[in-house]
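Accompanying notes for the structure given below.
Counting from 1, the numbers follow the sequence of the chain as shown.
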Amino acid sequence: MIVIFVHGWSVTDTNTYGLLPEAIAKQASNYGLDVDIKHVWLGRYISFDDTVNMTDIIRAFDQALHDLIPAGDDVAAFSCITHSTGGPVVREWLDRYYGSDNLDQSPLRHLIMLAPANHGSPLAALGKQRVGRIKAWFDGIEPGQLILDWLSLGSQQQVDLSSAYLHYKPAESGFYPFVLTGQSIDKKFYDFVNSYLAESGSDGVVRVSGANMNFSMVRFVESGAADTVAHMSDELNVSLLKMVDGVRRPETVPLGVIPNASHSGKQKGIMRSVVSATSTKPQVAEILKCLQVDSVADYQTRQQALVSLTQQTQQRSHRYINLVFIVKDDQGEPVTDYDLVLLGGPERDPNKLSKGFFVDRQKNAASPNHLVYYIDYDVISKSQLTGFRVIARPSQGFTYYHAVEYRVETAEIDAFLKPNETVYLEVVLRRCVDQAVFLFDAASEPKMHKKGKLFKTETRHDFKGQKPMNKPVQ
């Protein structure tokens, strides 16, 4: 069995691996495995340049595979252990060169991702220079901006890769992906100015919910029904949303939360803390058990074992989720100016959400219509999240949007709100266009620019109690 190690961006030697490769090789026979360890150092293939994007990286990775493990014109069958950003790199490579339609032709057998940034990292929002100073991730090397854009929470590239994965049938195709991650913090890397390095539900760099390959995608559109609700000290007319296409989820990928593991470091790092070939660190055994998997039945058994491990690791800690809101209109245009409010209790009142449910919020810089909430699942599940409200701007004028509200049923929210996961919520608003944007007038009586003033159309009330607005285009 060929096992390739793939690290993230800053690696130029194997020090960051600790002795994990040696431990895997030495202990493999205890699990009935014959392992040949090889390495791909991404640092050899990229410059940390703002012009380098993910496609450049995966093309270089493909060439590196052909050079390292050729099989005629193809690549020999291999298994892969990645760390951090290496996980998304291999996933992007797999999707570009094989995808869901040709997955059974891929040479990749096992993909064991250690602390992968599958749904990004909150650190990416700090900027190139600041991130470059965080040794836990880049060890003093500034990342290129295009790579940092990929890693930013809620990036469109993450959405696209997740959408593609919905169609994968991994185990049926002889492909077995796994995620192993930690949620402990190595205090050596703590920055008193940067709370993300000590964030709950995180290994100091990547959140468990950001590593997990199990996620949900839901889409909401305006239903045609409307209501008037209390909003702050006023009344607000809202168009009610409905879910369409149901809850879309990929086939389950086993997730294991490793006890006392952080992202990096000699004491707790999920790789580097393995300091001898005979190490009894739990991640060594869990990796080898993943490499043993060779059938759908094995894969399901491994999944159940990792569920038990995760429950044991998290029995005294809270679990968290990412909510990624993507707001656009029905013409495909991103809506970037909006307020979003989570609603709680049967009254659908934001004040009914329990104190402490909210942890963090980030808007994606490259896609500002993408907004990511990080919330405490164990708090919000008790207080019953019952919906959300989006108030987009402009709310009147030649083009405008209605305020919208989604009212969730318990069964619906249980279908997509799950601990340790990311949820992508696409909200599609109706883009209303005033009839005055384009009018025909009788040639004998032109009105549009009489004396340099725009013609005024008749107004109407769109909802009861709402300010008058011009008649919209249907």
Side-chain angles (χ1 to χ4, degrees), residues 119-120 124-125 149-167 210 215-227 231 236-250 321-343 361-375 385 387-408 412-413 415-417 421-434 437 462-463 469 472-474:
H119 305 285
D149 287 346
W150 197 106
L151 292 166
S152 295
L153 294 180
S155 75
Q156 186 59 50
Q157 297 96 318
Q158 293 162 25
V159 177
D160 293 341
L161 188 58
S162 295
S163 297
Y165 195 79
L166 289 171
H167 306 288
F215 60 90
S216 297
M217 285 189 162
V218 288
R219 187 169 183 264
F220 306 94
V221 300
E222 294 186 45
S223 66
D227 197 5
H231 182 75
L236 179 69
N237 302 296
V238 296
S239 176
L240 300 182
L241 296 171
K242 64 179 179 180
M243 186 191 302
V244 294
D245 303 325
V247 178
R248 295 176 295 156
R249 293 180 59 82
I321 57 178
N322 285 328
L323 300 178
V324 182
F325 289 92
I326 303 167
V327 185
K328 59 177 64 174
D329 64 31
D330 56 2
Q331 304 303 305
E333 293 295 321
V335 178
T336 60
D337 187 4
Y338 61 88
D339 296 328
L340 192 145
V341 180
L342 300 181
L343 307 175
R361 162 181 162 154
Q362 277 192 17
K363 181 173 280 193
N364 187 274
S367 299
N369 63 317
H370 295 199
L371 179 65
V372 183
Y373 276 88
Y374 186 51
I375 61 178
L385 178 66
F388 62 85
R389 185 178 300 151
V390 178
I391 305 170
R393 302 176 187 84
S395 59
Q396 57 183 348
F398 288 111
T399 60
Y400 58 92
Y401 302 105
H402 299 139
V404 297
E405 182 171 301
Y406 180 63
R407 298 175 176 179
V408 71
E412 288 179 337
I413 199 165
F416 63 80
L417 199 67
E421 291 193 5
T422 290
V423 186
Y424 293 96
L425 304 104
E426 181 181 346
V427 181
V428 182
L429 306 179
R430 181 187 172 210
R431 186 178 179 89
C432 300
V433 181
D434 192 283
V437 170
D462 206 31
F463 291 122
M469 63 178 63
V473 175
Q474 298 300 315

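- Taking 4.0 Å as the cut-off between side-chain N and carboxylate O, E421 and R249 count as a salt-bridged pair.
- Nearest heavy atom pair, residue P368 against residue A365, reads CD-O, 3.8 Å.
- For the side-chain contact (heavy atoms from CB on, under 4.5 Å) test, residues two or more places apart in sequence or in another chain that qualify with V244 are R219, V221, K242.
- With sequence neighbours excluded, the residues that form a side-chain contact (heavy atoms from CB on, under 4.5 Å) with Q157 are W150, S155.
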Exercise for the section: Determine, step by step, whether E222 and L429 satisfy the side chain to side chain contact (heavy atoms under 4.5 Å, CB included) criterion, reporting the C-alpha distance in whole Å, the side-chain angles of both residues, the deciding distance to 0.1 Å, and the verdict. Expected result: CA-CA 7 Å; E222 294 186 45; L429 306 179; 4.1 Å; yes
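- The pair D339-R389 does not count as a salt bridge, with every side-chain nitrogen at least 4.0 angstrom from each carboxylate oxygen.
- Taken from CD1 in I391 to CG in D337, the straight-line distance is 11.5 Å, to the nearest 0.5 Å.
- Within a 6.0 Å sphere centred on NZ of K363, other residues, nucleotides and ligands contribute more than 12 heavy atoms.
- Residues forming a side-chain contact (heavy atoms from CB on, under 4.5 Å) with D149 (at least two apart in sequence, or on another chain): Q145, L146.
- Applying the side-chain contact (heavy atoms from CB on, under 4.5 Å) test between V427 and each of L241, N369, I326 identifies L241 as the sole match.
- Looking at residues two or more places apart in sequence or on another chain, you find a side-chain contact (heavy atoms from CB on, under 4.5 Å) between Q331 and D329, R431.
- Among residues two or more places apart in sequence or in another chain, the ring-ring contact (aromatic ring centres under 6.0 Å, His included) test is passed with H119 by F215, Y424.
- Ring-centre distance between F220 and F388: below the 6.0 Å cut-off.
- Taking CG of L240 as the start and CG of D227 as the end, the distance is 6.0 Å to the nearest 0.5 Å.
- Taking D245 as the reference, nothing meets the salt bridge (Lys or Arg N to Asp or Glu O under 4.0 Å) condition, with sequence neighbours excluded.
- Side-chain contact annotation: Q156 with S367, donor-acceptor N/O pair under 3.5 Å absent.
- Of the possible polar contacts, one joining the Q158 side chain to the S152 backbone as a donor-acceptor pair under 3.5 Å is found.
- The shortest side-chain heavy-atom distance between L340 and Y373 falls under the 4.5 Å cut-off.
- At least one side-chain heavy atom of V159 sits less than 4.5 Å from a side-chain heavy atom of H370.
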